[in-house]
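We count ligands from 1, going down the list as the structure has it; atoms in each ligand are counted the same way. FYI, side chains are in, hydrogens and waters are out, and symmetry mates aren't considered; it's all heavy atoms of this structure.
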Amino acid sequence: MGYKEQIRNVKDYIRLPLCYNHWYVAGLVEDFGAEPVAKTLLERSIVFYRTEAGELVAMQNRCLHRSFPLANGTREGDNLVCRYHGIRYAPDGSIVKVPCQDHVPERQLHVYPVKELGPFAFIWMGNPAEPDWDRFPDLPFLSDPTCRTISEAVPYAGSYLLMQENLNDLTHFAYLHRESFGIGDFFFDLPTTVEKTEKGVYCNRIDTNPARVLGPLPADAKERAAGKPVERHDGGYAMSPGVFRGYAPVYIGAEEDPEREVFKSYIMHYLTPETSTSTHYFWSITNDYNIEDDNFYAMSKAFAANGFAEDKWACEEMQRLLDDDHIDHKEMVIAGDRAGMLFRGVMLDWVLEEYVG
Ligand code: FES
Ligand SMILES: [Fe+2]
C-alpha cells in the first residue's frame with residue numbers, strides 16, 4: 001500500500017506507526033512523587049520518580065539484569081533499587097552497584113528527558129541524547145501567574161489519531177455537543193477558515209453574537225461591551241502528533257479601535273498514545289480573566305469535562321467498530337472533513353520524516 005493510500009481509509013490511517021521524535025505529556029505534575037510509578041507511553045514501559053531535590057526522573061522500567069519492572073523497587077537516596085536482586089541505578093540510568101559482585105557493569109538504561117510546565121510533565125520520546133528543544137511546545141501561558149489554568153487527565157480507550165481528527169473537525173460541535181456546549185445549527189453559518197500553515201492545519205470560526213460570546217466574561221466587561229461589536233474566535237491547530245493548541249479569545253470593540261480589549265482563553269488537548277488503540281488524554285483551559293473567581297473555574301471545569309467526555313465517548317465507539325466490525329467499508333468524505341483530511345497529510349509528513357527521512 002502506498003503512503004497516500006494509507007491515510008485515505010481511517011482503519012489504515014490509525015495504524016500509522018507511532019512518532020517518537022516529539023514531546024508528549026507524560027502526566028500531571030502531581031502524579032509523580034518519591035515512590036516509583038510505571039506508565040506505558042508509546043508502547044514503552046517507563047518508571048517515574050522524583051529525586052530528593054524533587055527532580056523528575058523518567059527511565060526505562062526494565063531492569064538490565066532480568067527485565068524485572070523497576071517500578072516495583074524503592075528509592076534509596078536518588079537511586080532506584082531493583083527489588084529482584086538489588087541492582088542500583090542512578091538517575092542518569094547508569095548502574096552504581098550490583099550487590100552480589102564487585103564489578104559494576106557500564107550499562108545504561110534509557111533515560112527520557114522531561115520538563116515540567118504548569119500542571120503537566122512533558123517527556124521527549126526520541127533519542128535521549130538529542131532532545132529537540134525547538135519542538136518543545138510553546139505554551140508560556142501554562143505557567144503565567146496572571147492566568148489561571150484548569151486541567152484534567154482522562155484515560156481514553158481509542159487511537160490518539162481518532163481524537164486528533166475529532167479536534168480538527170468543527171462540524172461535530174452542532175450535533176455531538178448540541179446539549180453540553182449549547183451549539184445549534186447557527187454554527188454552520190459562522191465564518192470559518194481552514195488553511196494549511198507552516199505551523200500545521202489551522203481552523204477557526206468567528207461568532208459575533210453578543211448573547212453567546214460575552215457569557216463567561218466578568219460583569220464589568222459585559223457593561224463595557226454594550227453597543228460595541230464583539231467577536232469570539234475559536235480556532236486551533238495540532239502543534240505535534242500529541243499536542244493540539246486551541247485559542248478562543250473574545251474581543252470587545254472593532255479591530256481598528258485602539259481601545260479594543262481581548263480576553264484570552266487557550267483550550268489545549270494533549271494526546272499521548274499508550275498503545276496504538278489506547279491513549280492518555282489530558283486537556284487544559286487557561287484564561288487571563290476571572291482568575292480570582294473559584295466558582296467560575298469550578299463551573300468551567302465541570303462544563304468542559306462534560307463536553308469533552310462526549311468526544312471520548314464518540315471516539316471509543318468508533319474504535320470499537322473499527323476493531324470488531326469486519327465488513328468491507330469505505331468511508332465517505334464530506335465538506336466538514338477538510339481540516340481533518342489536511343491533518344492526515346501533516347501526520348503522514350511527521351511519520352515519513354521519522355521513518356523515511
Ligand atoms: S532483575 Fe533487577 S537486579 Fe535482577
Ligand atoms: Fe468535540
Does [Y] have [X] sitting over its ring (NZ/CZ under 6.0 Å from centre, angle to axis within 45°)?
X	Y	result
R148	F296	no
K115	F136	yes
R344	Y13	yes
R260	Y251	yes

**Prompt:** Do you know which of W283, F282, F141 makes side-chain contact (heavy atoms from CB on, under 4.5 Å) with M268?
**Reply:**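 Exactly one option meets the side-chain contact (heavy atoms from CB on, under 4.5 Å) with M268, and it is F141.
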**Message:** Restricting to side-chain contact (heavy atoms from CB on, under 4.5 Å), what partner residues turn up for D349, sequence neighbours left out?
**Reply:** K196
**Asked** Are S284 and Y270 close enough, and set up right, to give a side chain to side chain donor-acceptor pair (under 3.5 Å), and what steps lead you there?
**Response** CA-CA 8 Å; S284 67; Y270 314 86; 2.8 Å; yes
**Prompt:** What protein N/O/S atoms sit under 2.8 Å from atom 2 (Fe) of ligand 1, by chain and number?
**Reply:** C63 SG, C82 SG
**Item:** Carboxylate-amine/guanidinium proximity below 4.0 Å for E116 and R50
**Value:**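 So E116 pairs with R50 through a salt bridge.
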**Prompt:** For M332, what are the other residues in its hydrophobic cluster, where any two members join if their side-chain heavy atoms are less than 4.5 angstrom apart?
**Reply:** I334
**Request:** Could you give me a count of protein N/O/S atoms that are under 2.8 Å from the Fe ion (ligand 2)?
**Result:**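 For the Fe ion (ligand 2), protein nitrogen, oxygen or sulfur atoms under 2.8 Å: 4.
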